[in-house]
S.K.: 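Starting off with a structure, shown below.
What you are looking at is a predicted structure, and each value in this text was computed from that prediction instead of being measured. Residue numbers count from 1 along this sequence. One-based numbering, in listed order, for ligands and for the atoms of each.
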Amino acid sequence: MSRKASENVEYTLRSLSNLMGEKRRRQPDGSAGSSAAAAGERSLIAAESCSSINSQASGGELERAARRQFQQDETPGFVYVVSVFSALGGFLFGYDTGVVSGALLLLKRELNLGALWQELLVSSTVGAAALSALAGGVLNGLWGRRPCILLSSCFFIAGAALLAAAQDKETLLGGRIVVGLGIGVASMTVPVYIAEVAPPHLRGRLVTINTLFITGGQFFASVVDGAFSYLAKDGWRYMLGLSAVPAIIQFFGFLFLPESPRWLIQKGHTQKARRILSQIRGNQTIDEEYDSIKNNIEEEEKEVGAAGPVICRMLTYPPTRRALIVGCGLQMFQQLSGINTVMYYSATILQMSGVQDDSLAIWLAAVTAFTNFLFTLVGVWLVEKVGRRKLTLGSLTGTTVALIILALGFLLSAQVSPRVSLNPTDPSGQNSTCTNYSYCNGCMLDPDCGLCYKLNKSNVVESSCVPVKKESTMAAAWGRCSNETRFKREELFWAYNFCPTPYSWATLLGLILYLVFFAPGMGPMPWTVNSEIYPLWARSTGNACSSGVNWIFNVLVSLTFLHTAEYLTYYGAFFLYAGFAGMGLVFIYGCLPETKGKKLEEIESLFENRLCTCGISDSDEGRYIEYIRVKGSNYHLSDNDASDVE
Ligand SMILES: O[C@H]1[C@H](O)[C@@H](O)[C@H](O)[C@@H](O)[C@H]1O
């Protein structure tokens with residue numbers, strides 16, 4: 001049966017500067033005869049317009065009306081349902097990475113965990129995420145996006161159950177590894193899936209929602225940590241087990257949600273893909289989109305061939321090699337700008353700003369997480385307005401300045417670091433390095449020591465640098481500050497990892513500015529851009545590699561923070577992150593093209609030029625060409641589509 005699509009006159013307006021690019025690209029090699037391009041050309045009236053023409057009254061009115069009509073048609077609710085259910089993977093990623101700091105406070109007391117076990121419980125998850133993100137590329141290619149999302153929810157459920165029921169630290173470690181496997185697969189699959197089901201004009205916003213869910217998960221985790229921190233016995237079971245709830249919702253939701261139509265077309269399940277595409281697009285005609293995806297896949301296969309491992313093909317084909325460098329570079333600079341030292345050590349940074357009380361510090365850390373969440377929301381709003389490139393550049397510029405302010409805050413604090421005035425001797429007669437320090441700054445940077453002091457108005461008096469307790473950093477190993485209740489009664493203070501300082505406002509200002517600038521751009525854009533810059537055949541592998549890079553640098557930066565601070569001091573560490581952020585700025589200015597509004601199939605052409613020439617073409621951004629499609633009936637089932645008629 002030959003089916004002809006509706007003959008109705010339809011108007012669809014699209015920004016097609018990119019399509020022009022595609023046409024221009026295909027002409028020289030004579031392959032312009034691809035049916036989509038040809039059909040597109042037949043049925044399109046091109047109207048080249050610059051902003052000056054746009055402003056003409058009547059044209060402007062017509063255009064606005066058509067655009068309104070188009071946008072209404074274009075956004076069926078189903079796409080939002082699909083995106084939100086997938087973004088639960090992002091929520092779990094944020095929740096499970098965020099919740100552990102609060103759980104550890106309780107766990108280390110109840111299970112008597114030393115520093116090594118605490119580090120293992122934190123970094124095993126991130127390490128497992130790095131491995132499973134890399135493996136996720138193969139699974140995504142073989143099984144598709146939907147089974148991978150289902151698999152990740154299974155990992156989350158199993159991990160949460162193991163953690164909540166754990167009787168010993170080994171089971172806890174097992175649970176954290178299982179959860180990490182889920183995080184890795186989810187972190188690389190969800191952005192790809194959302195990008196593949198979203199219409200181009202909403203893609204950036206919908207993928208960014210995933211990062212909004214990540215930061216939402218981190219915020220929710222910090223609230224849960226705060227709430228259960230009062231439940232000294234078994235509070236951690238609730239903290240770690242609660243993540244099973246969104247995971248179960250996601251699992252059952254995804255049993256009813258569809259596979260990515262792009263993946264289905266690639267695997268030859270064209271009928272099913274067509275059905276799902278029209279379900280996702282609601283009342284839209286899907287012929288053009290379907291043809292364009294299908295032709296693109298065929299062309300890609302012709303150009304790149306299908307032999308050999310995908311990663312080798314990606315590296316030998318210049319456009320995908322460049323895209324991979326940009327994608328991995330973005331993820332690397334995201335982590336090198338120090339987001340997770342700010343997230344994981346916010347309580348310490350806040351304590352440095354003068355917050356003495358522990359539970360206040362936990363709640364203030366929740367405020368930090370909320371700021372991250374709130375400003376990611378700003379990113380969701382801005383991404384389709386200003387575009388990926390400007391948003392990332394603006395965000396990283398602000399982040400660099402904020403890091404410099406943070407570093408200056410620490411530097412000023414170090415300059416006025418209080419003197420150590422008392423030198424008590426260890427009752428057990430053991431030698432400790434702590435008593436060698438003459439200023440609080442040195443004492444604070446030594447992970448084995450803390451400062452015990454009194455305050456006279458705001459001046460530090462009667463201070464001594466003494467070893468910290470092995471089991472808990474809340475008190476000294478011996479001396480005046482060794483018993484928490486006693487030293488609080490005697491109006492003594494114990495400072496571990498920080499020094500009392502009058503410049504706390506500078507660190508606090510730096511911290512807030514950091515999140516305000518980082519969250520809308522550098523937080524979500526690496527994920528969003530990666531989900532769209534690779535052609536379909538390379539998308540899973542490209543995202544697996546870039547997510548793997550993100551997780552590897554996450555471990556590197558967060559695990560080395562305390563050591564970096566020990567060798568370079570706190571201000572040195574933050575100047576170092578500012579330096580990395582500055583390098584990232586140069587990289588992004590030169591190498592990140594604008595992908596806003598383009599169809600996934602058109603983005604490959606952005607990487608055809610030499611790498612890192614984007615800065616030069618910035619001035620072209622204001623110009624665009626629009627085609628108005630007047631008649632759209634170009635589909636015949638004869639397009640070899642009967643491959644999977646069911
Ligand atoms: O995009 C996210 C987000 O910014 C999170 O707050 C951070 O913890 C993650 O590492 C990052 O990948």
S.K.: Would you mind running through ligand 1 and noting each atom that sits below 4.0 Å from a heavy atom of Phe518?
M.R.: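 Going through ligand 1 atom by atom, the ones under 4.0 Å from Phe518 are 4 (O).
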S.K.: Assess whether atom CZ of Phe219 is packed by more than 12 heavy atoms of other residues, nucleotides or ligands within 6.0 Å.
M.R.: yes
S.K.: Just to confirm my output: which protein heavy-atom neighbour is closest to atom 6 (O) of ligand 1, and how far is it?
M.R.: Gln218 OE1, 2.8 Å
S.K.: Looking at Arg539 and Glu196, is there a salt bridge between them, counting it only when a charged N and a carboxylate O are closer than 4.0 Å?
M.R.: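 Answer for the salt bridge query: yes.
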S.K.: With no hydrogens and no angle check, just 3.5 Å: does a side-chain donor-acceptor pair link Ser558 and Asn340?
M.R.: no
S.K.: Side chains of Trp551 and Ser132: is there a donor and an acceptor less than 3.5 Å apart?
M.R.: no
S.K.: Under 4.0 Å from a heavy atom of Thr211: give me the atoms of ligand 1 that qualify, with their elements.
M.R.: 1 (O)
S.K.: For ligand 1, is any non-hydrogen atom under 4.0 Å from Gln334's backbone (N, CA, C, O), its side chain (CB onward), both, or neither?
M.R.: side chain
S.K.: Do Gln331 and Ser546 pair up side chain to side chain, a donor and an acceptor below 3.5 Å, judged on atom types alone?
M.R.: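 The criterion, which ignores hydrogens and geometry beyond distance, is not satisfied for Ser546 and Gln331.
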S.K.: Can you tell me if Gln331 has a non-hydrogen atom under 4.0 Å from ligand 1?
M.R.: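 Distance cut 4.0 Å: Gln331 fails for ligand 1.
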S.K.: Do any N/O atoms on Thr215 end up under 3.5 angstrom from N/O atoms on ligand 1?
M.R.: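 In fact, backbone or side chain, Thr215 has no N or O that close.
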S.K.: Would you tell me whether Thr528 and Arg203 have side-chain atoms, one donor and one acceptor, within less than 3.5 Å of each other?
M.R.: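 On atom types as modelled, these side chains do not qualify, holding no pair under 3.5 Å.
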S.K.: How far is atom 7 (C) of ligand 1 from the closest protein heavy atom, and which atom is that?
M.R.: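 Heavy-atom neighbour on the protein nearest atom 7 (C) of ligand 1: Asn340 OD1, 3.6 Å.
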S.K.: Would you mind telling me if ligand 1 is within reach of the side chain of Asn372, the backbone, both or neither, using heavy atoms under 4.0 Å?
M.R.: side chain
S.K.: Picking from Arg388, Arg262, Lys598, what satisfies salt bridge (charged side-chain N to carboxylate O under 4.0 Å, His left out) with Glu532?
M.R.: Arg388
S.K.: Quick one: does ligand 1 sit under 4.0 Å from the side chain of Asn550, the backbone, both or neither, non-hydrogen atoms only?
M.R.: side chain
S.K.: Counting each atom of ligand 1 from 1 as listed, which ones have a heavy atom of Trp527 under 4.0 Å away?
M.R.: 1 (O), 2 (C), 12 (O)
S.K.: Identify the closest protein heavy atom to atom 1 (O) of ligand 1: which residue and atom is it, and at what distance?
M.R.: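 Protein heavy atom at minimum distance: Gly523 O, 2.8 Å.
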S.K.: Does a donor on one side chain sit under 3.5 Å from an acceptor on the other, for Arg145 and Ser260?
M.R.: no
